[in-house]
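Take a look at the structure below.
The basis for the numbers below is simple: all heavy atoms, side chains too, and nothing from hydrogens, waters or symmetry mates.
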Amino acid sequence: MYSAEQRKIAIETFVKFDHSYADTIAELGYPTRACLRNWWNEYRDTGEVPISKFTTNPRYTAEMRRRAVEHYLEHGKSLTRTMRALGYPKSREVLGDWIDEIAPGQRKYRGPNPKRDPVPVEKKVQVVAELEARSGPAAEIAERHGVSRTAPYIWRREIMGDNGGDPEKKGVPVSEEYDDLPDDIEVLQDMLREAKMQLRKVQLELEVRQATLEIVKKTRAPNRGC
């Protein structure tokens with residue numbers, strides 16, 4: 001679950017990147033394409049940043065939310081410790097939303113802060129390249145770059161796809177989708193955006209493969225000594 005501030009940043013980035021889902025997700029590291037589409041549609045229709053349904057859950061009063069945030073801040077900023085001590089909420093994402101709402105900027109993050117520190121695309125490419133080059137365990141690569149242990153795999157899926165970039169499993173050629181072009185201008189615009197997203201994905205994959213090749217060359221270079 002994402003806070004209102006994270007949603008706001010995502011929408012602003014989406015607009016800044018000319019409504020490109022791929023570029024927005026690559027820049028921020030979140031959310032999914034479906035989430036971003038829903039947020040944008042609601043923002044476009046209402047003019048307001050969508051609010052998480054969990055944030056306004058009537059099961060939790062304002063006093064309960066305030067007490068949970070205070071406990072979090074006064075007991076080492078541990079989501080798990082707070083949830084165990086109070087018995088609520090049942091979701092780390094929900095508690096995170098409360099903290100961002102009541103005490104903005106006080107939430108403790110492991111690895112890059114998704115609100116303050118968007119991960120540059122170049123860094124993602126380098127991490128994925130090291131993972132592809134088998135330059136070490138994923139946990140070691142993550143620690144070296146100061147990111148979470150799951151980040152290398154998440155970014156590889158974003159850039160390379162679920163099959164790790166295997167060209168034999170990519171599916172049908174992109175061109176087959178556009179053999180029979182519709183007359184509707186809005187549909188054509190959507191198809192253009194989709195094509196731009198796919199092009200961006202291919203560009204990132206090429207960057208990863210080039211960086212991987214450079215890493216492999218360095219690791220296999222003969223040691224000539226002094």
Side-chain angles (χ1 to χ4, degrees), residues 1-43 49-52 54-55 77 79 91-97 99-101 104-133 135-165 193-194 196-209 211-212:
M1 211 51 53
Y2 301 96
S3 68
E5 179 66 16
Q6 287 174 302
R7 293 165 186 243
K8 178 175 180 290
I9 291 174
I11 292 173
E12 290 174 347
T13 305
F14 183 63
V15 173
K16 176 182 176 182
F17 288 168
D18 194 26
H19 298 148
S20 170
Y21 291 95
D23 286 352
T24 300
I25 295 170
E27 173 71 15
L28 300 179
Y30 75 93
T32 64
R33 190 174 188 277
C35 276
L36 182 55
R37 180 189 293 275
N38 290 338
W39 295 351
W40 169 249
N41 288 341
E42 186 170 343
Y43 178 78
V49 176
I51 300 176
S52 168
F54 292 103
T55 305
K77 294 187 176 181
L79 298 175
S91 166
R92 294 168 61 90
E93 288 79 7
V94 172
L95 179 55
D97 280 352
I99 296 167
D100 291 338
E101 176 186 359
Q106 295 300 311
R107 186 174 176 186
K108 180 180 177 182
Y109 289 89
R110 292 183 177 180
N113 183 327
K115 293 192 303 180
R116 296 180 178 177
D117 307 308
V119 180
V121 174
E122 294 78 8
K123 183 172 184 176
K124 292 184 178 182
V125 167
Q126 181 62 30
V127 170
V128 174
E130 291 182 18
L131 188 65
E132 289 290 291
S135 64
E140 180 180 308
I141 296 172
E143 183 176 357
R144 186 160 60 240
H145 289 276
V147 300
S148 70
R149 294 190 175 192
T150 59
Y153 293 109
I154 293 174
W155 295 342
R156 182 170 67 178
R157 284 198 298 271
E158 287 181 4
I159 297 175
M160 311 293 284
D162 292 333
N163 55 54
R193 294 191 188 100
E194 187 71 23
K196 288 182 178 179
M197 288 172 54
Q198 294 187 24
L199 176 59
R200 177 58 172 163
K201 188 176 181 65
V202 170
Q203 291 172 334
L204 289 175
E205 184 174 331
L206 286 174
E207 290 179 15
V208 167
R209 295 192 179 280
T212 302

| Could you walk me through whether Arg37 and Trp40 pass the side chain to side chain contact (heavy atoms under 4.5 Å, CB included) check? | CA-CA 5 Å; Arg37 180 189 293 275; Trp40 169 249; 6.0 Å; no

| message | If you apply the rule side chain to side chain contact (heavy atoms under 4.5 Å, CB included), what do you find for Leu28 with Phe14, and how did you get there? | response | CA-CA 10 Å; Leu28 300 179; Phe14 183 63; over 6 Å; no

| task | Decide side chain to side chain contact (heavy atoms under 4.5 Å, CB included) for Ile159 and Val121; before the verdict, give the C-alpha distance in whole Å, the side-chain angles of both, and the deciding distance to 0.1 Å. | result | CA-CA 10 Å; Ile159 297 175; Val121 174; 5.9 Å; no

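For the side-chain hydrogen bond (donor to acceptor under 3.5 Å, both in side chains) test, no residue two or more places apart in sequence or in another chain qualifies with Asn38. Listed by chain and residue number, Val202 satisfy the side chain to side chain contact (heavy atoms under 4.5 Å, CB included) test with Leu206 (two or more places apart in sequence, or in another chain). Under the rule for a salt bridge (Lys or Arg N to Asp or Glu O under 4.0 Å), the partners of Arg144 that lie at least two apart in sequence or sit in another chain are Glu130, Glu140.
With rounding to the nearest 0.5 angstrom, the OH atom of Tyr43 is 14.5 Å from the CZ atom of Arg7. Annotation: the span from Lys77 atom NZ to Gln106 atom CD amounts to 4.5 Å, rounded to 0.5 Å. Rounded to the nearest 0.5 Å, atoms CG (Leu36) and CG (Asn41) are 9.5 Å apart. Summarising the geometry, atom CD1 belonging to Ile11 is positioned 12.0 Å from atom CD belonging to Gln6; distances are rounded to the nearest 0.5 Å. Between the OG1 atom of Thr13 and the OH atom of Tyr30 there is a distance of 6.5 Å, given to the nearest 0.5 Å. Here the straight-line distance linking atom CD1 of Ile25 with atom OG1 of Thr32 works out to 6.5 Å at 0.5 Å rounding.
Between Ala211 and Gln126, the closest heavy-atom pair is CB-OE1, 4.5 Å. Closest approach of Val128 and Arg156 over heavy atoms only: CG2-N, 3.6 Å.
With Lys8 contributing its side chain and Val49 its backbone, the two residues share no donor-acceptor pair below 3.5 Å.
Residues Trp155 and Val208 have side chains not in contact (no heavy-atom distance under 4.5 Å, counting atoms from C-beta outward).
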